[in-house]
**Q** 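Can you read through this structure? Questions will come right after.
Both ligands and their constituent atoms are indexed starting at 1 by order of listing. Please read all numbers here as calculations on a predicted model, not as lab measurements.
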Amino acid sequence: MLSGIQHFRFCKRQWALIHIEQQWEENFRTIDGKLMHERAHDNQFREKRGERIISRGMSVFSKTMGVRGVCDIVELIRDDMEGVAVSGREGLYRVEPVEYKRGSPKKTDVDVMQLTAQAICLEEMFCCDVPRGSLYYGEIRHRLPVLIDEQMKKEVREIFYEMHELFERQHTPKVKRTKSCNACSLKNVCLPGLQKENISVEKYILQRFDEM
Ligand code: SF4
């Protein structure tokens, strides 16, 4: 799943728990995020605003990366100089993905990487370059433009390669405690605290007996 890149970038173990072990726990953030995406998707809805066609909930895929997913919004902007032909429409259009996020802009690049993955899918589907996209953040109610370059695309391809490799081995990485653990929606499943002691099962049992 394309959206797995945000989990993978946040924490490889979190990604493996969700996408390999099928573990999931809802909390306020995950439910609020899901509702926001449902509103943005409004399944397969298309509208035209001037020279702009807005397509919501578009299914996208990339054969070269071996991923599929859904774009919250894909905007087709009339551009007879740099655009591409779109089936059933007159003129040429630039293609730009818009990803909706419930919170505010993050210090990490997880959202940008997800947007870049969407851009690669759209490039393959529309046979064009997609050098721009946007991230909309619910908390600031604002859309931020993102420039997508070749280095970012290369990084995204490498991430998906690593995800495929772990998935084929069905391997869940060990806990690596970071500040992210406090905000992790899966901390009750992952139990990062247990890893802190880093002792064998035998030693753990003997210690518990000693405490009795
Ligand atoms: S609790 Fe920490 S180590 Fe465990 S999945 Fe979440 S972020 Fe990763």
**Q** Is a donor from one side chain sitting under 3.5 angstrom from an acceptor on the other, for T64 and R157?
**A**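 There is such a pair (donor and acceptor under 3.5 Å, judged by atom type) between the side chains of T64 and R157.
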
**Q** Protein N/O/S atoms under 2.8 Å of atom 6 (Fe) of ligand 1?
**A**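 The answer is C184 SG.
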
**Q** Give the minimum heavy-atom separation between T116 and M152, together with the two atoms involved.
**A**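 Nearest pair, atom of T116 first, then M152: OG1-CE, 3.7 Å.
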
**Q** Anything under 3.5 Å between a donor and an acceptor, one on a side chain of residues 158-167, the other on a protein residue two or more places apart or in another chain? List them.
**A**
residue	atom	partner	partner atom	Å
E158	OE2	K154	NZ	3.2
E162	OE2	K12	NZ	2.7
H164	NE2	M65	O	2.8
H164	NE2	G66	O	3.3
E165	OE2	R169	NE	3.1

**Q** Can you name the residues that form a side-chain hydrogen bond (donor to acceptor under 3.5 Å, both in side chains) with Q14, not counting sequence neighbours?
**A**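 In terms of side-chain hydrogen bond (donor to acceptor under 3.5 Å, both in side chains), with neighbours along the sequence ignored, Q14 is linked to no residue.
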
**Q** Going by an N to O cut-off under 4.0 Å, is there a salt bridge joining E139 and K101?
**A**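 Salt bridge flag = no for K101 with E139.
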
**Q** Which pairs count as ring-ring contact (aromatic ring centres under 6.0 Å, His included) when at least one residue sits in residues 128-158, sequence neighbours excluded?
**A**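 Checked against ring-ring contact (aromatic ring centres under 6.0 Å, His included) - neighbours excluded - the pairs reaching residues 128-158 are Y100-Y136.
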
